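Not measured: the values here are computed from a predicted model. Below, chain A is the first sequence line, B the second, and so on; all start at residue 1.
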Amino acid sequence: MKKYDIVVLGGGPGGYIAAIKSSQLGKKVAVVEKDKLGGICLNWGCIPTKTLLSYAKHFQDILRSEDFGIGGIDKSKVYVDIEKMMLKKDETVNKLVSGIHMLFKKNGVDLYNGFGKVIDDHNLDVNGENLSFDNLIIATGSKAYIPNIKGLKESFESGKAINNTGILGLKDKLDTVIVLGNNTYAVEYATFYNAIGTDVTMIFEDKNILPDYDSELSQTLERQLKKSGIKLVNSSDITEVRDDKILVSQKGKEKEFTADKYVVFYGIRPNLSGIENLKLIKDENGFIQTDERLRTNIKNIYAIGDVNGKMPLAHVASFEGVVASENISGIDSKIDYLKIPKVVYSFPEISSVGLTEEEAKLKNINYSIGKFPLSANSMAILKGETSGFVKILADKDMYGEIIGFHIIGNDASNMISEAASVMNLEGTIYDLARVVHPHPTLTEAIVEASLDAIEKPLNI
Amino acid sequence: MKKYDIVVLGGGPGGYIAAIKSSQLGKKVAVVEKDKLGGICLNWGCIPTKTLLSYAKHFQDILRSEDFGIGGIDKSKVYVDIEKMMLKKDETVNKLVSGIHMLFKKNGVDLYNGFGKVIDDHNLDVNGENLSFDNLIIATGSKAYIPNIKGLKESFESGKAINNTGILGLKDKLDTVIVLGNNTYAVEYATFYNAIGTDVTMIFEDKNILPDYDSELSQTLERQLKKSGIKLVNSSDITEVRDDKILVSQKGKEKEFTADKYVVFYGIRPNLSGIENLKLIKDENGFIQTDERLRTNIKNIYAIGDVNGKMPLAHVASFEGVVASENISGIDSKIDYLKIPKVVYSFPEISSVGLTEEEAKLKNINYSIGKFPLSANSMAILKGETSGFVKILADKDMYGEIIGFHIIGNDASNMISEAASVMNLEGTIYDLARVVHPHPTLTEAIVEASLDAIEKPLNI
Amino acid sequence: SASENVAGKALATPVARKLAKDLGVDINKVVGSGPNGRVMKEDIIKASKQPSEA
Ligand SMILES: Cc1cc2nc3c(=O)[nH]c(=O)nc-3n(C[C@H](O)[C@H](O)[C@H](O)COP(=O)(O)OP(=O)(O)OC[C@H]3O[C@@H](n4cnc5c(N)ncnc54)[C@H](O)[C@@H]3O)c2cc1C
Ligand SMILES: Cc1cc2nc3c(=O)[nH]c(=O)nc-3n(C[C@H](O)[C@H](O)[C@H](O)COP(=O)(O)OP(=O)(O)OC[C@H]3O[C@@H](n4cnc5c(N)ncnc54)[C@H](O)[C@@H]3O)c2cc1C
């Protein structure tokens, strides 16, 4: 029997950071991981998708190289080598995963490779070995949710329907795909396939393609995706998924669609295997209930990352890992989800932190709006990537404090960090309007949007 | 005779923004511009260079397209078409310049196209017409400084030596260039030519290539430039510039260099023609002395932009235009140069705001340092652009307030805006270390660098 | 342009808040010179040098 201050169950971005932080705070820590360190994010999520999207963006840029005064490229000959892309992607993933192994050594974190079965509030079994702990951090992550659509399960079994893991196993370029679902990963894979020349159709139930985002951004993205050739079939019920076709009912009309593969993203459900013995309070979908300190209903047990369903993103999982570790070590700390950014790596990208306009309305906040289109930003113009805008919401009754920040456009992923910092500092649009931004940069649009919320922008 | 509340002399980024802002504040405003609206920045500075650099970056990316799993490109056939690049660049410039014309119409700013000659403190002559004014904003910009090096003047006359205007007139790719000078624009043009395949040698007097930047960044950039094939000849006196060669004395050794063209950047001097009648106080190089409200020694006369030499950058000129307009309109406002970012668009880019480490030492500030290399950042790794780092200086005696922020790396230009915002809000490294940044982004390195200043980063 | 004090919480920078505490300055009585009346570090330093007006 080994005794630990803290055992972390799961070595994804939640678990591995929780372990390192706990060790930095002087605790004796072990991580139990049944598969690969880095979890979904590094192995089948964030890193693979962003690597593939980055390659696909290069492919798109190559196709418009004449716009940059570059000659000698025969567009009809340029092609995407999926097998090579995947190999390159693997190199990146392996480098990052082995990085975590090194971090564990450096920080003195013990790693147990195996399925962890929690025995009770203070004991866990892995490979027949007993680990006892003062505190447990559950970081078991999530698995794909497969809704009860006729034929969908069978389609996964036959290999016709795939999701993030299946996609990464493909060696050939697909001619056609149907993407089922309307969320970040559905949009990202639709973007990827469309960019490399696959014919893409997205089918989903809702009206909006990104219901969790400000509807103005979702709609703008929809227009962009259509413009780039993706077919959108919204407000549609999927009646049946068959290997030869998908049957759909759109506003009373029956339609059929067919493609080489179905790429399916319907959100997630918590991964709870191994913790069945714990009497944890969960929500209706099984996500473990946690408070702003990541505590569960059991005093010495915390749950971080996708398994609590709060905001299933890697950087959230990691920060929750920090917060849980700190609370265990007697440092009182909390997480505020309204100040954490999220990103869709579509072309153009979308990023957001805080309230959408719809949410601000619902909450009856007396808000002002500032907006500025990238079509009036010099850097966007000189790069030839002018679609998108910056949209800022400020609370008029709180000195103009920024409560929502939304960007659609090239490089929105990097730009949103400024918003997150300003919002964490409780900055106002008046502050932001006075911050001189370097010229020429995309971020100048942020100042102009702030000015728009107060009075008038300068460059439009 | 026409009467104006404010006459702005010069329609560059300083003047045109001053005019728009003044008009928004209810003033009757005229701009006098002898050449093209947008000044150096739009026509021969920021926009042309950044456009060309953006094209050159694409060219570089195309050459490594195999790293992205993209095939079918014959590297030996891909070429840069300078004439086409310049035409594309012109399209961008024309679009932006005509944008300013539209802004003037929209805001009711009168434009006089002609050389403005100031008669006295309240009158100016343009094309024989008299404009009288309550306030004058001098925004006449700068011109290149040509030091007294034997043969350099003649070399400009023969067309062998060129600078930003000359470069933009070239129609052919150069095989070899020598870049004289060590500053942002020397580095940017060296980067451009090197990237498109020209053989580049930089010759300069100092030891460092960017003496105005934190020396750690300057040295890192030097290594990168060398790695990419640029020859650096530093600590060198240029004895003579001839059309067939440049004679150099480096640490007592005589050397000769030759190239197709000499690209020369030795900084700037104020452009004072037209304002000779005003008794303005100037510094030893002729720059008009101004205070933090942009006032000159003459009560109703302000000087903004390059002509005051404070921080000769477009965004500074524009913000000074805002500050001058506000003060004229009775709104007390000031500029703080220590919170304004600056950028070098080299490969990798450099950006910076606030104090360098050398300056912090000189000021005897009790500072702490946080640093994080991009080689440990996932986004940098997946993009294959890992050279560079983030470096943050914090004042230990002022609660860890951030006093200097330095980035070298891909996309450093966009990343520095977050630093500027945080510094304007008097944020500390403790604040920044708690801001959750989206994964995977380059900006995650900012949090890690902050953690490094406090205690330990997580991912290294 | 100093705004009304909302809900007893002065608009101030993080450094100004800490400095006010350490220098014994009542931040709610300081007129801020920053954007929209935000109390800045300098405002607290100035206020601490002035005899307090109760
Ligand atoms: C296609 C896709 C793209 C994504 N892109 C992004 C993105 O760009 N940015 C972003 O922020 N998020 C992204 N995400 C979400 C991100 O991957 C997750 O939010 C993140 O991985 C959650 O981290 P976690 O530590 O909670 O769980 P996971 O990463 O799921 O890790 C949980 C780990 O626990 C292990 N485990 C579970 N149970 C046991 C047990 N009983 N014993 C031993 N080990 C166990 C698992 O093997 C796994 O390694 C993406 C997701 C997908 C599907
Ligand atoms: C190669 C190069 C690259 C650069 N890149 C950048 C960059 O990326 N970012 C950045 O911030 N800065 C950059 N700069 C600097 C930037 O161009 C200047 O800081 C900026 O243009 C200064 O603006 P200004 O309004 O003071 O003067 P200017 O832009 O010089 O404009 C002055 C205007 O006044 C007019 N004028 C002068 N005298 C008279 C008169 N008597 N009557 C009528 N009109 C008159 C001139 O014709 C001119 O149009 C770059 C400069 C160079 C040379």
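- Chain B forms more heavy-atom pairs under 4.5 Å with one residue of D81(A), I70(A), N424(A), I82(A) than with any other, namely I70(A).
- Listed options K106(B), K342(B), E91(B) were ranked by heavy-atom pairs under 4.5 angstrom with chain A; first place goes to K106(B).
- Per-residue heavy-atom pair counts under 4.5 Å with chain B were compared for K88(A), E444(A), M86(A), M415(A), and the maximum is reached by K88(A).
- Neither the backbone nor the side chain of M102(B) comes within contact range of chain A, judged by heavy atoms closer than 4.5 Å.
- Here I17(A) is the residue among L42(A), I17(A), V343(A), I196(A) with the most heavy-atom pairs under 4.5 Å with chain B.
- Across all their heavy atoms, V436(B) and A420(A) have their closest contact at O-CB, 4.1 Å.
- In this structure the side chain of L382(A) never reaches within 4.5 angstrom of the side chain of K89(B), judged on heavy atoms.
- Between chain B and the options I381(A), I335(A), L87(A), L442(A), the largest number of non-hydrogen pairs under 4.5 Å is found for L442(A).
- Under a 3.5 Å cut-off, the side chain of K456(B) and the backbone N or O of K21(A) do not form any donor-acceptor pair.
- Taking all atoms of both residues into account, the shortest heavy-atom contact from S413(B) to P438(A) is O-CG, 3.8 Å.
- In this structure, no portion of M423(A) lies under 4.5 Å from any heavy atom of chain B.
- Taking K50(B), E83(B), K95(B) one by one and counting their heavy-atom pairs under 4.5 Å with chain A, the maximum is reached by K50(B).
- Under a 3.5 Å cut-off, the side chain of H315(B) and the backbone N or O of H439(A) do form a donor-acceptor pair.
- Ranked by non-hydrogen atom pairs under 4.5 Å with chain A, the options V80(B), V422(B), D74(B) are led by V422(B).
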Apply the test side-chain contact (heavy atoms from CB on, under 4.5 Å) to residues N459(A) and L103(B): give CA-CA distance (whole Å), side-chain angles for both, the deciding distance (0.1 Å), then the verdict. CA-CA 7 Å; N459(A) 280 296; L103(B) 289 172; 3.9 Å; yes
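- The greatest number of non-hydrogen atom pairs below 4.5 Å with chain A, out of D431(B), I460(B), V447(B), is found for I460(B).
- For the options A419(A), G427(A), S378(A), heavy-atom pairs under 4.5 Å to chain B are most numerous at S378(A).
- Between H437(A) atom NE2 and F319(B) atom CZ the span is 11.5 Å, to the nearest 0.5 Å.
- Using modelled atom types and a 3.5 Å distance limit, the side chains of D411(A) and N414(B) yield a donor-acceptor pair.
- Ranked by heavy-atom pairs under 4.5 Å with chain B, the list L96(A), D67(A), V322(A) is led by D67(A).
- Using cut-offs of 30° and 60° for the angle between ring planes, the F68(A) and Y55(B) rings count as tilted.
- Within 6.0 Å of CD on E455(B) lie more than 12 heavy atoms contributed by other residues, nucleotides or ligands.
- Screening D61(B), I73(B), V78(B) against I62(A) for a side-chain contact (heavy atoms from CB on, under 4.5 Å) leaves a single residue, I73(B).
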Derivation and outcome, side-chain contact (heavy atoms from CB on, under 4.5 Å), residues S417(B) and I446(A): CA-CA 10 Å; S417(B) 293; I446(A) 291 176; over 6 Å; no
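- Highest contact tally toward chain A, considering only L432(B), T92(B), T51(B), is held by T51(B) [criterion: heavy-atom pairs under 4.5 Å].
- When heavy atoms are compared at a cutoff of 4.5 Å, S54(A) approaches chain B solely by way of its side chain, counted from C-beta outward.
- Only the backbone of P457(A) comes within contact range of chain B, with heavy atoms under 4.5 Å apart.
- Residue contact with chain A, scored on non-hydrogen atoms closer than 4.5 Å, is absent for L313(B).
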